[in-house]
There are 2 protein chains.
Amino acid sequence: MSVRHTAVTTAPVLPAGDEELVCDIREVVQRIGDRWSVLVIVELAQGVRRFRQLQRAVPGISQRMLTLTLRRLERDALVDRTVYPTVPAQVEYELTDTGHSLTFVLKMLADWGAEHRDTVMESRARWDAKRPDADVHHDGG
Amino acid sequence: MSVRHTAVTTAPVLPAGDEELVCDIREVVQRIGDRWSVLVIVELAQGVRRFRQLQRAVPGISQRMLTLTLRRLERDALVDRTVYPTVPAQVEYELTDTGHSLTFVLKMLADWGAEHRDTVMESRARWDAKRPDADVHHDGG
DNA sequence: CCGAATCCGACAGGATACTG
DNA sequence: CAGTATCCTGTCGGATTCGG
């Protein structure tokens, strides 16, 4: 049950002075760092979904944000949108190959999160207990 | 130059109905999805850094945001903070083992970004050309 | 069913000035 | 050097309403 096998035992993963690399990370994180993109991608990773289906599968998302999120994903070639000219209209969304390739990365994130959640949570609790008045989460309240 | 070797050829990476997994992804992405955390982590991946060193290494970050970012990272046990009672004060920041383990994940993100940046950018350009008036990036302008 | 348009609140984050 | 405190703005995202 040791955790150390994930700790640093080898070379620096992120080489110094590689601005492009830093830039790439930033772009990706910023892209999927919004409130809903990841949740929509994960749901679409299961297969083709229609609009209402997605809205039900992602609790709390508004119509507006679902639309916006899907448009952005479509714009970035992560999601394909197919309109069937039925009445009423019917639209299907599915991940592109690029979008699917992202799910591998998301899996890595999930694994890291699962492995270190306890450590993070405990540290967080200790920090909050020691500094009850400091509010670092957002602006200085 | 085919890109298909990264496409989906195997099983679904993200199993259906795994709420915990989804939750883990969200937490991680939300945590490092802010404007500065990744940049600070990448810089600290090079080694121990002092406050001013970090500020110079991360162009554009304000004192306020550097402080906030470092506090949050410290709170989550991703960064260690060491104060030397010299005059003037001197403080050193370094990644914890947990923090270092995150750099592996960031490397994955960087690799994905590097590999798919062209695809995304081209799609984005095409989308914008086709819908010049639609502004999906933020609120409806 | 699938959206677009409008209004509005909350918060992240920048600029600046001040402290130890 | 290493922060803190205050003010202010831009942007994200929710609620609601209307259209195809």
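Letters A, B, ... mirror the listed sequences (proteins, then strands); counts begin at 1.
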Between protein and nucleic acid, restricted to nucleotides 1-3 of chain C and to nitrogen or oxygen atoms under 3.5 Å apart, what atom pairs and distances do you find?
{"unit_1": "C/dC1", "atom_1": "OP2", "unit_2": "A/Arg52", "atom_2": "NE", "d": "3.1"}
{"unit_1": "C/dC2", "atom_1": "OP1", "unit_2": "A/Arg50", "atom_2": "NE", "d": "3.4"}
{"unit_1": "C/dC2", "atom_1": "OP1", "unit_2": "A/Phe51", "atom_2": "N", "d": "3.4"}
{"unit_1": "C/dC2", "atom_1": "OP2", "unit_2": "A/Arg52", "atom_2": "N", "d": "2.8"}
{"unit_1": "C/dG3", "atom_1": "OP1", "unit_2": "A/Arg71", "atom_2": "NH2", "d": "3.1"}
{"unit_1": "C/dG3", "atom_1": "OP1", "unit_2": "A/Arg81", "atom_2": "NE", "d": "3.2"}
{"unit_1": "C/dG3", "atom_1": "OP1", "unit_2": "A/Arg81", "atom_2": "NH2", "d": "2.4"}
{"unit_1": "C/dG3", "atom_1": "OP1", "unit_2": "A/Tyr93", "atom_2": "OH", "d": "3.4"}
{"unit_1": "C/dG3", "atom_1": "OP2", "unit_2": "A/Tyr93", "atom_2": "OH", "d": "2.3"}
{"unit_1": "C/dG3", "atom_1": "N7", "unit_2": "A/Gln63", "atom_2": "OE1", "d": "2.9"}
{"unit_1": "C/dG3", "atom_1": "O6", "unit_2": "A/Gln63", "atom_2": "OE1", "d": "3.2"}

Would you kindly give the [atom1]-to-[atom2] distance between [X] and [N], to the nearest whole Å?
X	N	atom1	atom2	answer
A/Leu68	D/dG14	CG	C1'	12 Å
A/Gln55	D/dA15	CD	P	11 Å
A/Leu66	D/dG14	CG	P	11 Å
B/Arg49	D/dC1	CZ	P	15 Å
B/Glu74	D/dA2	CD	P	14 Å
B/Leu54	D/dA2	CG	P	9 Å
A/Ile61	D/dA15	CD1	P	12 Å

Exercise for the section: Indicate, yes or no, whether a donor-acceptor pair under 3.5 Å links the base of C/dG13 to the side chain of B/Arg64. Expected result: yes

Handout entry: Estimated bend of the helix from C/dC1-D/dG20 to C/dG20-D/dC1 (axis per five terminal pairs, rounded to 10 degrees)
Key = 40°

Problem - Sequence neighbours excluded, every pair satisfying salt bridge (charged side-chain N to carboxylate O under 4.0 Å, His left out) that has a member inside residues 100-110 of chain B - result: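 Listed by first then second residue: B/Lys107-B/Asp111.
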
Quick one: list whatever passes salt bridge (Lys or Arg N to Asp or Glu O under 4.0 Å) with [X], sequence neighbours left out.
X	answer
A/Asp80	none
A/Glu43	A/Arg49
B/Arg50	none

Practice task
Identify, with sequence neighbours excluded, every residue that meets side chain to side chain contact (heavy atoms under 4.5 Å, CB included) alongside A/Arg124.
Solution key: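 A/Arg124 satisfies side chain to side chain contact (heavy atoms under 4.5 Å, CB included) with A/Val120, A/Met121, A/Asp128, B/Arg31, B/Arg75, B/Asp76 once adjacent residues are dropped.
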
Problem - Residues in side chain to side chain contact (heavy atoms under 4.5 Å, CB included) contact with A/Val105, at least two apart in sequence or another chain - result: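 Testing A/Val105 for side chain to side chain contact (heavy atoms under 4.5 Å, CB included), a comparison that skips the adjacent residues, returns A/Leu102, B/Leu109, B/Trp112.
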
Problem - Sequence-distant partners of A/Arg131, side chain to side chain donor-acceptor pair (under 3.5 Å), two or more places apart - result: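 Counting only residues at least two positions away or on another chain, A/Arg131 forms no side chain to side chain donor-acceptor pair (under 3.5 Å).
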
Practice task
Not counting sequence neighbours, which residues clear side chain to side chain donor-acceptor pair (under 3.5 Å) with A/Arg35? List them please.
Solution key: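 In terms of side chain to side chain donor-acceptor pair (under 3.5 Å), with neighbours along the sequence ignored, A/Arg35 is linked to no residue.
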
Exercise for the section: Can you measure from CG (B/Leu73) to CZ (B/Arg71) and round to the nearest 0.5 angstrom? Expected result: 10.5 Å

Please report, to 0.1 Å, the donor-acceptor pairs under 3.5 Å made by any side chain of residues 82-91 of chain A, with sequence neighbours excluded.
{"unit_1": "A/Tyr84", "atom_1": "OH", "unit_2": "A/Glu92", "atom_2": "OE1", "d": "3.3"}
{"unit_1": "A/Thr86", "atom_1": "OG1", "unit_2": "A/Pro88", "atom_2": "O", "d": "2.8"}

Handout entry: Sorted by number, the residues of residues 28-36 of chain B with heavy-atom contact under 4.0 Å to DNA chain C
Key = B/Asp34, B/Arg35, B/Trp36

Handout entry: Sidechain-backbone polar pair: A/Arg72 side chain, B/Val136 backbone, donor-acceptor under 3.5 Å
Key = yes

